[in-house]
Amino acid sequence: MRLVIDCCVRGEASGTRRLTRRCLDALGGGETRILELEREGLVPLGAEELAQRDRLALLGEFDHEMFRYARQFRDAEEIVVAAPYWDLSFPALLKVYLERVSVAGLTFGYQGDRPVGYCRARRLIYLSTCGGYTGGRHLGEEYVRALAEMLGVTGFQGFAVEGLDVDPARREEVLEAGIRRVVDQLRRS
């Protein structure tokens, strides 16, 4: 199953969502589950919820509803993360989701002082669009790459379409050219 984590907070106006849809078409069929984070009602973990999570994890009760995102992430065969470049990284909503996915004993554990991932995905594809340019440092992509590695995802591909808002009159042209470039790269991989 392919898991698509859609953090396109601008909805249908999002260039990242357009990029993602075209990439999904290029990736082809198979079971796909799209998780639109805006519709999930996610909030940051607070003290009570963290205490409950720790208690349940200590007991190994990972079938509890609070672990559904982590189970889904762990069991996916391929993961696509769609998030716009936002304040050097990605929207805070994605961080909230990733905190719910990173569960010791469920998506990763430790061998000595080294984390070992339990996720089954053979790759994670990170898709992003940027109004300006990252200068080669997309901190959101870097964070997701490091987390994927920690969680045991064996392959990572990051793609960004940059410069969408530099010349508003050319936004559509820049977006379409970038989408074609990314789709071509995905088809070759």
Side-chain angles (χ1 to χ4, degrees), residues 1-17 19-20 32-121 123-131 134 137-154 156 158 160:
M1 183 260 310
R2 177 182 296 132
L3 176 62
V4 179
I5 301 151
D6 178 340
C7 190
C8 300
V9 294
R10 294 186 193 272
E12 294 307 311
S14 171
T16 303
R17 183 168 286 169
L19 169 65
T20 302
T32 299
R33 166 124 168 91
I34 299 175
L35 188 64
E36 290 185 35
L37 296 185
E38 277 281 296
R39 297 177 185 226
E40 293 298 310
L42 292 168
V43 296
L45 294 166
E48 275 186 45
E49 199 171 15
L50 283 169
Q52 179 186 22
R53 176 171 130 155
D54 291 346
R55 248 187 337 273
L56 291 168
L58 188 61
L59 297 170
E61 294 183 14
F62 295 118
D63 58 341
H64 190 279
E65 175 66 14
M66 81 174 345
F67 298 117
R68 73 183 171 104
Y69 297 117
R71 288 191 310 269
Q72 187 180 60
F73 193 95
R74 179 200 62 197
D75 296 339
E77 296 165 6
E78 181 175 68
I79 300 165
V80 176
V81 175
Y85 184 67
W86 204 280
D87 298 329
L88 302 178
S89 179
F90 45 66
L93 185 56
L94 181 57
K95 178 70 166 109
V96 171
Y97 168 80
L98 293 172
E99 286 177 356
R100 292 178 179 276
V101 162
S102 303
V103 179
L106 181 58
T107 54
F108 75 98
Y110 290 96
Q111 287 182 346
D113 63 350
R114 191 173 64 83
V116 177
Y118 301 150
C119 294
R120 297 183 181 123
R123 74 173 166 175
L124 186 147
I125 300 168
Y126 187 86
L127 301 171
S128 188
T129 57
C130 316
T134 67
R137 288 290 314 267
H138 191 315
L139 299 178
E141 181 180 318
E142 291 176 34
Y143 177 85
V144 173
R145 177 189 304 265
L147 183 64
E149 183 179 308
M150 184 186 98
L151 297 179
V153 179
T154 56
F156 184 93

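Bear in mind the structure is a predicted one, so any value in this text is a computation, not a measurement.
- Under the 3.5 Å distance criterion, the side-chain polar atoms of Thr107 are left unmatched by any main-chain donor or acceptor of Ala70.
- Side-chain contact between Ile34 and Glu36: present, with at least one pair of heavy atoms (C-beta onward) separated by less than 4.5 Å.
- Once rounded to the nearest 0.5 Å, the distance linking CD of Gln52 with CD of Glu48 reads 9.0 Å.
- Thr16 and Pro84 make their closest contact through OG1-CA, 3.5 Å (heavy atoms, listed as atom of the first residue, atom of the second, distance).
- Formation of a donor-acceptor pair under 3.5 Å by the Thr20 side chain with backbone atoms of Ala82 is not found in this model.
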Any chance you could lay out the ring pair (Phe, Tyr, Trp, His ring centres under 6.0 Å) test for Tyr85 and Phe90, step after step, and finish with the verdict? CA-CA 5 Å; Tyr85 184 67; Phe90 45 66; over 10 Å; no
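- Heavy atoms of other residues, nucleotides or ligands lying less than 6.0 angstrom from CZ of Arg10 number 12 at most.
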May I have the step-by-step check of side-chain contact (heavy atoms from CB on, under 4.5 Å) for Ser102 and Leu147, ending in yes or no? CA-CA 8 Å; Ser102 303; Leu147 183 64; 3.5 Å; yes
Give the table of side-chain donor-acceptor pairs shorter than 3.5 Å for residues 108-119, with sequence neighbours excluded, one pair per line with atom names and distance.
| residue | atom | partner | partner atom | Å |
| --- | --- | --- | --- | --- |
| Gln111 | OE1 | Arg114 | NH2 | 2.9 |

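- Counting heavy atoms from C-beta outward, Arg2 and Glu77 have side chains that stay 4.5 Å or more apart.
- With a 4.5 Å cut-off on side-chain heavy atoms, Glu141 and Val144 do not count as touching.
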Run the side-chain hydrogen bond (donor to acceptor under 3.5 Å, both in side chains) check on Tyr69 and Glu40 step by step: do they pass? CA-CA 10 Å; Tyr69 297 117; Glu40 293 298 310; 2.6 Å; yes
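- Note: Leu19 CG to Ser128 OG = 8.5 Å, rounded to the nearest 0.5 Å.
- Heavy-atom contacts from other residues, nucleotides or ligands closer than 6.0 Å to CD of Glu149 number 12 or fewer.
- With values rounded to the nearest 0.5 angstrom, Ile79 atom CD1 is found 11.5 Å from Arg120 atom CZ.
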Can you check side-chain contact (heavy atoms from CB on, under 4.5 Å) on Glu78 and Leu3, steps first, answer last? CA-CA 6 Å; Glu78 181 175 68; Leu3 176 62; over 6 Å; no
Donor-acceptor contacts under 3.5 Å from residues 55-63 side chains, at least two apart:
none

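- How far CZ of Arg145 is from CG of Leu139: 12.5 Å, rounded to the nearest 0.5 Å.
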Evaluate Arg123 against Thr154 for side-chain contact (heavy atoms from CB on, under 4.5 Å), listing each step before the verdict. CA-CA 6 Å; Arg123 74 173 166 175; Thr154 56; 5.9 Å; no
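- Using a 4.5 Å heavy-atom cutoff, the side chains of Val80 and Ile5 are not in contact.
- Counting only heavy atoms from C-beta outward, the side chains of Ile125 and Phe156 never approach each other to under 4.5 Å.
- Leu93 has its side chain within reach of Leu42: a pair of non-hydrogen atoms, C-beta onward, lies under 4.5 Å apart.
- Rounding to the nearest 0.5 Å gives a distance of 10.5 Å between CD of Glu38 and OG of Ser14.
- A search for ring-ring contact (aromatic ring centres under 6.0 Å, His included) contacts involving Phe73 returns nothing, not counting sequence neighbours.
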Apply side-chain contact (heavy atoms from CB on, under 4.5 Å) to residues Val101 and Leu151 and explain how you reach the verdict. CA-CA 9 Å; Val101 162; Leu151 297 179; 3.9 Å; yes
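- Atoms CG and CG, from Leu37 and Leu98 in turn, are 8.5 Å apart once rounded to the nearest 0.5 Å.
- Arg53 has its side chain out of reach of His64: every pair of non-hydrogen atoms, C-beta onward, lies at least 4.5 Å apart.
- Looking only at side-chain heavy atoms (C-beta outward), Arg17 and Asp6 come within less than 4.5 Å of each other.
- Of all the heavy atoms in Val103 and Arg100, the pair that sits closest is CG2-O, 3.5 Å.
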